[in-house]
Amino acid sequence: MFALGSASPLPQQARPAGTTRTDLQRHDLAVPGREVLQARVNFAPASSFPRHTHPGEEIIYVLEGSLEYEVAGKAVALKAGDVLFVPAETVHAARNIGTDNAAELATYVLEKGKPLTTIVK
């Protein structure tokens, strides 16, 4: 496994071709050792993000297009307006299954100081 991204305001590392993440806001929470990060994740047609985990929960709102998520080995297809909850440390992946661009609003409730994303081989 290797870490991608950061739970601190450091620059993002390389992402798979056709995907971008724009961090919108990051704040400490009242719960000690926790923070929230909200980001827009864009997917070009046929692009994907490989199997990975996060050190906290992820709440996904699909903004546009059609995305398929694999969460703990189960596939779920979502379209604009749909939501998905991914528990902490759960292996998941995402791919654009449509012919147009797709995007999600990802809200992460994270343990501070840990890498945002760990790729699972």
Side chain to side chain contact (heavy atoms under 4.5 Å, CB included) evaluation trace for Glu111 with Arg34: CA-CA 5 Å; Glu111 288 184 56; Arg34 298 296 240 180; 2.8 Å; yes
Is there a chain of hydrophobic side chains (I, L, V, M, F, W, Y, each step under 4.5 Å between heavy atoms) that links [X] to [Y]?
X: Leu110; Y: Val71; answer: yes
X: Ile119; Y: Val41; answer: yes
X: Leu78; Y: Ile59; answer: no

Please determine whether side chain to side chain contact (heavy atoms under 4.5 Å, CB included) holds for the pair Arg21 and Thr19, giving the CA-CA distance in whole Å, both sets of side-chain angles, and the decisive distance to 0.1 Å. CA-CA 7 Å; Arg21 185 184 91 220; Thr19 69; over 6 Å; no
Non-hydrogen side-chain atoms of Val62 and Tyr69 separated by less than 4.5 Å: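 Val62 reaches Tyr69 side chain to side chain.
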Identify the residue among Arg51, Glu70, Glu58 that makes a side chain to side chain donor-acceptor pair (under 3.5 Å) with His92.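 Going through Arg51, Glu70, Glu58 one by one, the side chain to side chain donor-acceptor pair (under 3.5 Å) with His92 is satisfied by Glu58 alone.
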Considering non-hydrogen atoms only, spot the tightest contact between [X] and [Y] and give its length.
X: Asn101; Y: Pro45; result: OD1-CD, 3.1 Å
X: Glu104; Y: Ile60; result: OE1-CG2, 3.5 Å
X: Gly18; Y: Ser47; result: O-OG, 3.2 Å
X: Leu67; Y: Ala102; result: CD2-CB, 3.7 Å

Find the distance between [atom1] ([X]) and [atom2] ([Y]) and round it off to the nearest 0.5 Å.
X: Glu57; Y: Thr90; atom1: CD; atom2: OG1; answer: 9.0 Å
X: Leu116; Y: His52; atom1: CG; atom2: NE2; answer: 8.0 Å
X: Lys114; Y: Glu35; atom1: NZ; atom2: CD; answer: 12.0 Å

Summary of ring-ring contact (aromatic ring centres under 6.0 Å, His included) pairs that have at least one residue in residues 94-121, sequence neighbours excluded: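 Output for this query lists His54-Tyr108.
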Main-chain N/O of Gln25 paired with His27 side-chain donor or acceptor, under 3.5 Å: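 Side chain of His27 to backbone of Gln25, a donor-acceptor pair under 3.5 Å: no, none is there.
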Does any N or O in the side chain of Asn96 come within less than 3.5 Å of the main-chain N or O of Ala44, such that one atom is a donor and the other an acceptor?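 The answer is yes, because a donor-acceptor pair under 3.5 Å joins these two groups.
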Leu63: hydrophobic cluster co-members (side-chain, 4.5 Å):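 Leu24, Tyr61, Val83, Leu105, which link up through side-chain heavy atoms under 4.5 Å apart, make up the rest of the cluster.
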Quick one: salt bridge (charged side-chain N to carboxylate O under 4.0 Å, His left out) partners of Glu89, sequence neighbours excluded?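 Expected list: none.
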